[in-house]
Amino acid sequence: GAVVSQHPSRVICKSGTSVKIECRSLDFQATTMFWYRQFPKKSLMLMATSNEGSKATYEQGVEKDKFLINHASLTLSTLTVTSAHPEDSSFYICSANGIYNEQFFGPGTRLTVL
Amino acid sequence: AQKVTQAQTEISVVEKEDVTLDCVYETRDTTYYLFWYKQPPSGELVFLIRRNSFDEQNEISGRYSWNFQKSTSSFNFTITASQVVDSAVYFCALSGRRTGTYKYIFGTGTRLKVLA
């Protein structure tokens with residue numbers, strides 16, 4: 001149980017395009033999901049908290065117009081990187097809150113912007 | 001302030017050795033949770049353990065054990081008889097009301113290399 005999937009697992013895009021990453025809780029409902037960014041050999045940096053049916057809460061320094069988050073249902077949250085640039089290249093990880101507030105993480109999406 | 005410190009950036013051991021990964025935390029919450037996650041080279045974070053602040057009992061799961069000591073604000077993780085498959089980055093994390101909606105504060109991680 002408590003499986004979280006992410007799609008795609010890897011994406012390469014041209015600079016200026018937008019990329020959408022999906023995060024799904026497969027066997028449980030999650031009112032809260034989180035989006036993280038991880039640079040090579042670094043820790044996870046929380047970008048935003050995604051709440052079902054309401055606006056996401058962004059961490060300080062994260063551009064909400066750049067990283068659009070939508071949590072349309074109890075099992076799906078999406079992160080759209082708009083007008084991507086090479087500096088947006090990173091490993092993006094989502095997680096979903098379990099009933100004991102533990103987080104279950106997706107396998108991550110590696111984004112490369114050329 | 002909420003903070004998690006993993007002072008060991010990288011540890012290398014030979015297979016079958018025991019190894020302890022340190023985690024020290026700071027929080028003003030009276031109720032909080034501590035976690036350990038493993039991140040193998042594939043990148044996916046694997047949940048290892050969750051411990052709440054009222055439960056100081058040590059935990060053992062196979063070759064893994066955890067020592068939680070509130071007096072020293074530490075939550076250390078020991079792997080007994082390490083194996084090559086244990087090679088990964090290990091993260092300690094803290095959550096509590098002060099972090100907001102039970103968000104996690106992650107440590108910087110400890111990279112463990114187990115050599116055959």
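Keep in mind that what you see is a predicted model, and the values were worked out from it rather than measured. Residue numbers start from 1 in every chain, and the chains themselves are labelled A, B, ... in the order their sequence lines are given, proteins ahead of strands.
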| query | Hey, is NZ on A:K66 packed in by over 12 heavy atoms from elsewhere, all under 6.0 Å? | reply | yes
| task | Answer with side chain, backbone, both or neither: which region of B:Q6 has an atom nearer than 4.5 Å to a non-hydrogen atom of chain A? | result | neither
| note | Counting heavy-atom pairs under 4.5 angstrom with chain B, the leader among A:E102, A:Q6, A:K42, A:M45 is A:E102
| With only heavy atoms counted, which part of A:Q38 is less than 4.5 Å from chain B, the side chain, the backbone, both or neither? | side chain
| remark: Turns out that what part of A:K41 lies under 4.5 Å from chain B's heavy atoms comes down to both
| request: Please say whether more than 12 non-hydrogen atoms of neighbouring residues, nucleotides or ligands are located less than 6.0 Å from CG in A:L114. | output: yes
| said: For the NZ atom on B:K3, are there more than 12 heavy atoms of other groups (residues, nucleotides or ligands in this structure) within a distance under 6.0 Å? | reply: no
| query | Is there a donor-acceptor pair under 3.5 Å between the side chain of A:W35 and the backbone N or O of A:C23? | reply | no
